[in-house]
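Proteins come first, then strands; the chains are lettered A, B, ... in the order of their sequence lines, and each starts at number 1.
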Number of protein chains: 4
Amino acid sequence: MTSADTPLKPCHGPVGEQDAPRRGRPRSEAAEQAIYAAVEKLMEDGTGLSELSIERIAAEAGVGKATIYRRWPNKEALLVDVVARLEEPLPPLGGPTYRDDLISAVDYMRRRGLIKRSRWIVRSALGQMNAWPELKHTYHERVVHPRRQMIRQIVRRGVEEGELRADLDVELLCELLIGPILLRTVLWDDAPLEDPDLPRQMVDAALQGIGARPPAQRASSVPSAS
Amino acid sequence: MTSADTPLKPCHGPVGEQDAPRRGRPRSEAAEQAIYAAVEKLMEDGTGLSELSIERIAAEAGVGKATIYRRWPNKEALLVDVVARLEEPLPPLGGPTYRDDLISAVDYMRRRGLIKRSRWIVRSALGQMNAWPELKHTYHERVVHPRRQMIRQIVRRGVEEGELRADLDVELLCELLIGPILLRTVLWDDAPLEDPDLPRQMVDAALQGIGARPPAQRASSVPSAS
Amino acid sequence: MTSADTPLKPCHGPVGEQDAPRRGRPRSEAAEQAIYAAVEKLMEDGTGLSELSIERIAAEAGVGKATIYRRWPNKEALLVDVVARLEEPLPPLGGPTYRDDLISAVDYMRRRGLIKRSRWIVRSALGQMNAWPELKHTYHERVVHPRRQMIRQIVRRGVEEGELRADLDVELLCELLIGPILLRTVLWDDAPLEDPDLPRQMVDAALQGIGARPPAQRASSVPSAS
Amino acid sequence: MTSADTPLKPCHGPVGEQDAPRRGRPRSEAAEQAIYAAVEKLMEDGTGLSELSIERIAAEAGVGKATIYRRWPNKEALLVDVVARLEEPLPPLGGPTYRDDLISAVDYMRRRGLIKRSRWIVRSALGQMNAWPELKHTYHERVVHPRRQMIRQIVRRGVEEGELRADLDVELLCELLIGPILLRTVLWDDAPLEDPDLPRQMVDAALQGIGARPPAQRASSVPSAS
DNA sequence: CGATAACCGAGACGGTACGTCGAGTCTTGGC
DNA sequence: GCCAAGACTCGACGTACCGTCTCGGTTATCG
């Protein structure tokens, strides 16, 4: 078992990656790199999504606007590729226990959240989801779904091999592991993600609980609720 | 025990709520309501943050642009007040157990997440946090902090009275309870928040765990969790 | 013979000079004077007609905008009254010869053209004539017509008494005497109107060409003036 | 002798007529013509200077506002070019006598004054001279000075060749010939300039007073004229 | 080797929205 | 009913970007 099933197709190389033999002058790789570099520099400089205009990117990259529009249909599509470029491959799994694999998976997301550009993109993507379903779809496809799939897969196998409970609510577990990371990624800049022990705490909390008093004396006090 | 300590000061009445005796014609309450209504209508109609221009709001509200700018310095400040207006008071607590209170608290957030406008605003706010620290601060103050504070308070008292474990990591619990709700609020529109049993599942999962194979003696003590 | 027939009715006291007994608090004379003073100060400071906003006048005068609009329907009406206030009575005529009277008349216009405010107004009035026929009418009535009438009257009597030729083209003479003054008034600021001998030169130039009696008998009657 | 020495440099082609090889897409000649046409249409329709907004011009011309601002820094600069475009070359001179040339010159101005657009511009230009010295300068340079220069030149040559008196006050003659035309141009719309004999009357009026060679018997009778 | 085609930078194009200013009107409390 | 103050709607200002479209000029491959 290595990483996930549907490995992130980086789709890198923007739109129109035809395999038909292109004629005429080929696209300048240098221009493309300059564009990516410009976007990332601007993101790093604290530019907001709305300030991140195509004109500013073009100027920063020393490139004509048309050179950008030739590659991406609009600003958001460019961003999608920027995020794709950033997205490193999912971590190799296959630790001694499935708990270890879950910790690895969560730690992967934690480390992503520490990258400023990554936080920038998550926030912008969320902000644009109201108006732009296409971005929502792409972001789900590239980021959200692979991560959940990774966790689902670990859980499925953990259940099959008996390490995890059979009646586990997989989706709920996904959210218990992903949600807090998202929360800490988007809401703070002074990253509360730096503690490398965080993933272990989270996985153990999700798997075993962190709040209940030892069962003996609580058995009656938790009458199973509604 | 009622709701939280620092009840959400709605700050309603936009900028400049001087107590100095205002001179001249007073601001029109009707105009203000029309503006709020227009924003909410546009949000409801699926307008994105970037399409939500001041000009459109003014037109929709039948109001001059200056009337908006007189009250808020920019679009985002207006949104902050829109969100503040939406924010209903935190739920009354004081259920039979602190677990019940936690479920109430999570359910409050779940119900907020079901409101389309609320989802809209959370996303927009997150998207703007990159560029606009003031909005980040306000959003934290009005939304993030009260909610965490509410949970912290429940936990603190639950620990004091012995219902919850003393070594509980309060912050981690906060994120286990808030994170998944945020996740489901911002990532999907076909709301996966509709299940009214979700809060109970989450609280129980956080408190007791959902994954670990029962050490023999715990098998019977967690019978529920459908 | 004193001045003109239709003496400039200053119309001072702006709009709504009803003789019906007004009720309530009477209009403040102080406010009115402050408004006039503010306008004249702004004109003096080199403010252009388009910069001369009602708001600025009100601020300068320490007066509410409504106080201005209560008196004049708009900016231009206010200006008309400002010009009217400036307009001193036409000069007393009745010199030894009608030629002297013409020189007096021209000199009157020359002296008006030396006043900065007066130049300011002439220019502004001309500029607005394209769009605002009411101002055109008023300006004609108050300024243009009285001046022409004054000259026509002198000429008529001069002809009657035989000093001026009977076949004199009165209208042409009017323009020969008024046009150059207007030209020097509107086109230059470094006033080329300062030479007090200018009116005599102009009158003689105009008269001896189209108005002078045949030379032989006129030789003594035009003793070349000072 | 043809027209004037300093022939009206039409300066056409608005701001920035660099000879540096312009890069990028060249300015659209069509857009420029559309803008001129729109301005002239609006002027013809009786729009006043203050109603002549850039937005209206742009709409009328089917052009973006930026396309206008790219060429002229403001409304008045545009007007200057509109007037320059209108200004036809000064008339060819060289008639049988200098008196004929003067009549031609005056008739040229008379005909200009008959053009509605021309009247419109003269008035607007005068109105703006209070606040905008740059326009004053340009208007002088393009319109006022060439016309005076034309007359001065005729007079100079007429004096040299003995047709005109040597002690002629050239500047006064200029104003006697220009002033009345200006007067009739700006003060009336029902054009009192239509009489084609007017220039002859004016020239004869001016000349026989201050410029005509004495018919033998008048030589001594007009000795003065300092 | 020359033609052709797509690229490149620059920048103008018609638009939309920005945030400001002023017009002329309306609405307070106070005189 | 006037006053100062300042709100109101409306519309123009001049700027910034949007995404598209020429320009002259630069590489590529194809014939």
- Message: Under a 4.0 Å threshold between the charged nitrogen and the carboxylate oxygen, would Arg71(D) count as salt-bridged to Glu32(D)?
- Response: yes

- Item | salt bridge (Lys or Arg N to Asp or Glu O under 4.0 Å) involving Glu44(A) - partner list, sequence neighbours excluded | Arg117(A)

- DNA chain E: Glu55(D) or Glu51(C), which has the more 5' nearest nucleotide? Glu55(D)

- Message: Quiz question: going by heavy-atom distance under 3.5 Å, is there a donor-acceptor pair between the base of dG14(F) and the side chain of Lys65(D)?
- Response: yes

- Rounded to whole Å, the CD-P distance (Glu32(C) to dC2(F)) equals 12 Å

- Item | Contact summary for Leu49(D) and Lys75(D), nearest pair of heavy atoms | O-NZ, 3.3 Å

- Query: With respect to the phosphate group of dC8(E), does any side-chain polar atom (N or O) of Arg71(A) fall under 4.0 Å of OP1 or OP2?
  - Reply: yes

- Sorted by position of nearest nucleotide on DNA chain F, 5' first, the leading residue of Gly64(B) and Ser53(A) is Gly64(B)

- Could you check how far CG of Leu78(A) sits from C1' of dG19(F), rounded to whole Å? 14 Å

Please write out the pairs of protein N or O atoms and N or O atoms of nucleotides 22-24 of chain F separated by less than 3.5 Å, giving the distance to one decimal.
none

- Message: What's Thr67(B) touching, base or sugar-phosphate or nothing? Going by heavy atoms closer than 4.0 Å.
- Response: base

- Item | Atom-pair distance (CD1 on Ile57(C); P on dA4(F)), nearest Å | 14 Å

- Using the closest heavy atom to pick a nucleotide of DNA chain E for each, name whichever of Arg56(C) or Ile54(B) lands nearer the 5' end. Ile54(B)

